[in-house]
Protein chains: 2
Amino acid sequence: MPAPQHVANDAEIAPVAALIADPTRAAMLTALLDGRALAAGELARLAGVSAATASAHLSRLLDGGLVTVVRQGRHRYYRLSGPDIAEVLEVLARISPRPAVRGLTQSRQARRLEEARTCYDHLAGRAGVRLLGALLDGDHLDERADAYELTPAGEETLEALGVDVPAARRARRRFAPPCLDWTERTPHLGGALGAAVTAALIERGWFERTREPRALRVTPEGRRGLEEHFTGRMARE
Amino acid sequence: MPAPQHVANDAEIAPVAALIADPTRAAMLTALLDGRALAAGELARLAGVSAATASAHLSRLLDGGLVTVVRQGRHRYYRLSGPDIAEVLEVLARISPRPAVRGLTQSRQARRLEEARTCYDHLAGRAGVRLLGALLDGDHLDERADAYELTPAGEETLEALGVDVPAARRARRRFAPPCLDWTERTPHLGGALGAAVTAALIERGWFERTREPRALRVTPEGRRGLEEHFTGRMARE
DNA sequence: AACATCCTTCGGCCAGCATCGAAGCGTGAA
DNA sequence: TTCACGCTTCGATGCTGGCCGAAGGATGTT
């Protein structure tokens with residue numbers, strides 16, 4: 001039962017925005033975008049601040065409900081508190097200026113991140129874009145006005161790969177929305193289905209996480225398997 | 001200060017978030033959520049700051065690309081620079097805490113805003129929720145996994161009301177997504193179709209804008225017309 | 001022309017907060 | 001127990017940025 005007067009009925013977005021507005025906190029949140037939990041020390045290192053500073057920031061993010069924490073031994077693992085938070089970060093990134101190009105050469109890291117990465121919990125980057133292309137080409141997926149829908153054939157194929165499609169449909173989340181990639185400027189498959197497919201591909205050993213957060217690598221078996229199941233378009237360079 | 005390297009390729013979301021993070025600017029942006037252009041002075045009054053302060057804020061919002069400005073005589077009209085910006089605000093509002101209840105009585109304003117309001121450029125509030133219900137009940141709209149689709153009957157009905165459906169389909173925007181109402185906690189019709197329908201209803205004189213931003217009122221003709229076209233469910237109190 | 005209105009710019013004031021080192025607390029290892 | 005490690009708390013410091021009144025431009029009105 002809400003009731004403020006002049007700004008009538010709005011939620012107070014400023015405090016939440018303020019949590020994201022600090023560069024250090026933004027770096028931490030972005031580092032958590034892949035949905036994994038990272039230790040406080042690791043986040044401090046990634047953001048380039050002292051442990052004390054990081055702790056203060058994480059405490060504020062915790063208060064604001066943007067992250068949750070799990071204690072494990074003497075470590076404390078922080079993670080985004082849900083897909084909603086990731087969505088905010090993604091939408092925000094979409095309207096944010098691209099970082100200035102610092103030099104002509106891209107780092108190896110940056111290139112690998114472009115190749116295959118996760119976007120909170122689903123496959124993104126070039127691999128994500130190609131996967132979506134392959135699914136559409138193979139008539140596994142239909143393009144609707146502003147989302148995708150599985151064809152019967154697609155449902156069968158994905159089930160065979162170990163994707164629990166009915167569970168994805170039941171999820172309290174958009175089922176198969178396009179998710180605009182901010183490195184590729186092209187959509188990839190997001191939502192519950194995107195997450196389920198990605199989980200299955202990793203489970204199957206076709207992709208594996210590398211040391212850096214959000215980066216993925218196609219394994220040799222993955223290359224073969226994708227070739228078989230998806231007309232080869234996915235596995236080609 | 002050591003630039004963190006892993007976040008290499010990300011857009012820099014912190015500066016944009018910082019623009020939204022100030023309560024005064026957030027109030028201004030929220031006031032612009034209905035898509036209309038407001039004069040600088042009006043925004044100052046709404047946000048409760050002096051003209052000088054408002055000017056500084058608007059200048060920063062302008063630099064950040066969140067708003068655009070149109071000079072007209074001695075007035076300067078500011079508006080959100082696009083639906084993307086509105087989307088960010090909406091998504092942010094969704095994860096933001098509801099404002100504390102200040103008293104038991106709701107102001108007339110608040111009640112009217114709940115009744116019918118616009119959400120950037122489409123109908124929201126109770127009227128928006130009821131419109132969506134009526135469209136679904138009357139088989140004008142089909143519910144898909146995470147969006148809606150017009151039935152042939154619905155397309156005909158809306159065209160008859162003056163809605164340019166093909167134009168809405170061509171728009172570079174989701175066609176008919178559900179938009180979660182943050183006052184009603186229920187979806188209403190958003191996207192290009194939502195905007196087109198709303199524009200048509202206002203054009204037709206069935207709804208009219210009131211003095212306060214984002215508030216709408218059903219006219220008597222509107223009540224009659226909606227009764228006729230939509231099984232009466234829409235027009236009933 | 002002279003005035004009123006709307007808005008911006010300037011200068012100065014003050015609060016908030018990001019930052020760090022050092023110290024404190026809890027956990028796991030020797 | 002004692003040490004090592006990870007993290008948080010404390011206290012102090014410095015800077016960013018929001019705020020206003022007054023003055024300055026620009027535009028429309030009389």
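Chain identifiers are assigned alphabetically (A, B, ...) following the order of the sequence lines, protein sequences preceding nucleic acid strands; residue numbering begins at 1 within each chain.
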Open item on the list: By nearest heavy atom, map A/Thr53 and A/His75 onto DNA chain D; which one lands nearer the 5' end?
Closed with: A/His75

TODO: Would you mind telling me which of D/dT8, C/dA18, D/dC20 lies closest to the side-chain atoms of B/Val49?
DONE: D/dC20

Task: Listed nucleotide nearest any side-chain atom of B/Arg74, set C/dG28, C/dC20, D/dT29 - done: D/dT29

Open item on the list: Base, sugar-phosphate or nothing for A/Ala40? Non-hydrogen atoms, less than 4.0 Å.
Closed with: sugar-phosphate

Open item on the list: Looking at D/dG18, I'd like to know if its phosphate oxygens (OP1 or OP2) sit under 4.0 Å from a side-chain N or O belonging to B/Thr24.
Closed with: no

Task: Nearest-neighbour nucleotide for the B/Arg25 side chain, C/dC17, D/dG18, D/dC7 considered - done: D/dG18

- [ ] Respond yes when some side-chain nitrogen or oxygen of B/Tyr78 is under 4.0 Å from OP1 or OP2 of C/dT8, and no when none is.
- [x] yes

- [ ] List the steps and the verdict of side chain to side chain contact (heavy atoms under 4.5 Å, CB included) for A/Leu29 and A/Val67.
- [x] CA-CA 8 Å; A/Leu29 292 171; A/Val67 302; 4.0 Å; yes

- [ ] Scan A/Ala39 against the nucleic acid and name what it touches under 4.0 Å (heavy atoms): base, sugar-phosphate only, or nothing.
- [x] sugar-phosphate

Task: Residue B/Arg71, side-chain heavy atoms: nucleotide from C/dT19, D/dT27, D/dC20 that is nearest - done: D/dT27

TODO: Under 4.0 Å between any heavy atoms, over every strand shown, what does A/Tyr77 touch: base, sugar-phosphate, or nothing? Just pick one.
DONE: nothing

Task: Distance below 4.0 Å between A/Ser55 side-chain N/O and D/dC7 OP1 or OP2 - done: no

Open item on the list: Regarding B/Ser59, tell me which of base, sugar-phosphate or nothing describes its non-hydrogen contacts under 4.0 Å with the strands shown.
Closed with: nothing

- [ ] Could you list the residues that satisfy ring-ring contact (aromatic ring centres under 6.0 Å, His included) with A/His122, not counting sequence neighbours?
- [x] A/His188

Open item on the list: In this structure, how many angstroms lie between the C1' atom of D/dT9 and the CG atom of A/Leu62, rounded?
Closed with: 15 Å

- [ ] For B/Leu61 and D/dG17, give me the distance from atom CG to atom C1', rounded to whole Å.
- [x] 14 Å

Open item on the list: Just the rounded figure in Å: distance from P of D/dG28 to CZ of B/Arg76.
Closed with: 12 Å

TODO: Using atom CG of B/Leu58 as one end and atom P of D/dC19 as the other, report the distance to the nearest whole Å.
DONE: 12 Å

Task: Value in whole Å for how far the P atom of C/dC20 lies from CZ of A/Arg45 - done: 16 Å

Task: Whether B/Thr30 side chain and B/Ala26 backbone form a donor-acceptor pair below 3.5 Å - done: yes

Open item on the list: Just the rounded figure in Å: distance from P of C/dC17 to CG of A/Leu19.
Closed with: 10 Å

For residues 194-207 of chain B, run the donor-acceptor check on the side chains, cut-off 3.5 Å, and write out each pair with its distance to 0.1 Å, sequence neighbours left out.
unit_1   : atom_1 : unit_2   : atom_2 : d
B/Thr198 : OG1    : B/Leu123 : N      : 2.8
B/Thr198 : OG1    : B/Gly194 : O      : 2.7
B/Arg204 : NH1    : B/Leu161 : O      : 3.2

Task: Gap between atoms CG and P, on A/Leu38 and D/dG6 respectively (whole Å) - done: 15 Å

Task: Listed nucleotide nearest any side-chain atom of B/Ala52, set C/dG21, D/dC19, D/dG21 - done: D/dG21

TODO: Round to a whole Å and report the spacing from CE of B/Met28 to C1' of D/dG18.
DONE: 12 Å

Task: Check: A/Leu66 main-chain N/O paired with A/Ser81 side-chain donor or acceptor under 3.5 Å - done: yes

Open item on the list: Treating A/Arg25 as the side-chain partner and B/Ala14 as the backbone partner, does any N or O pair qualify as donor plus acceptor under 3.5 Å?
Closed with: no

Task: Selection from D/dC19, C/dT27, C/dA18 that lies nearest to any side-chain heavy atom of A/His57 - done: C/dA18

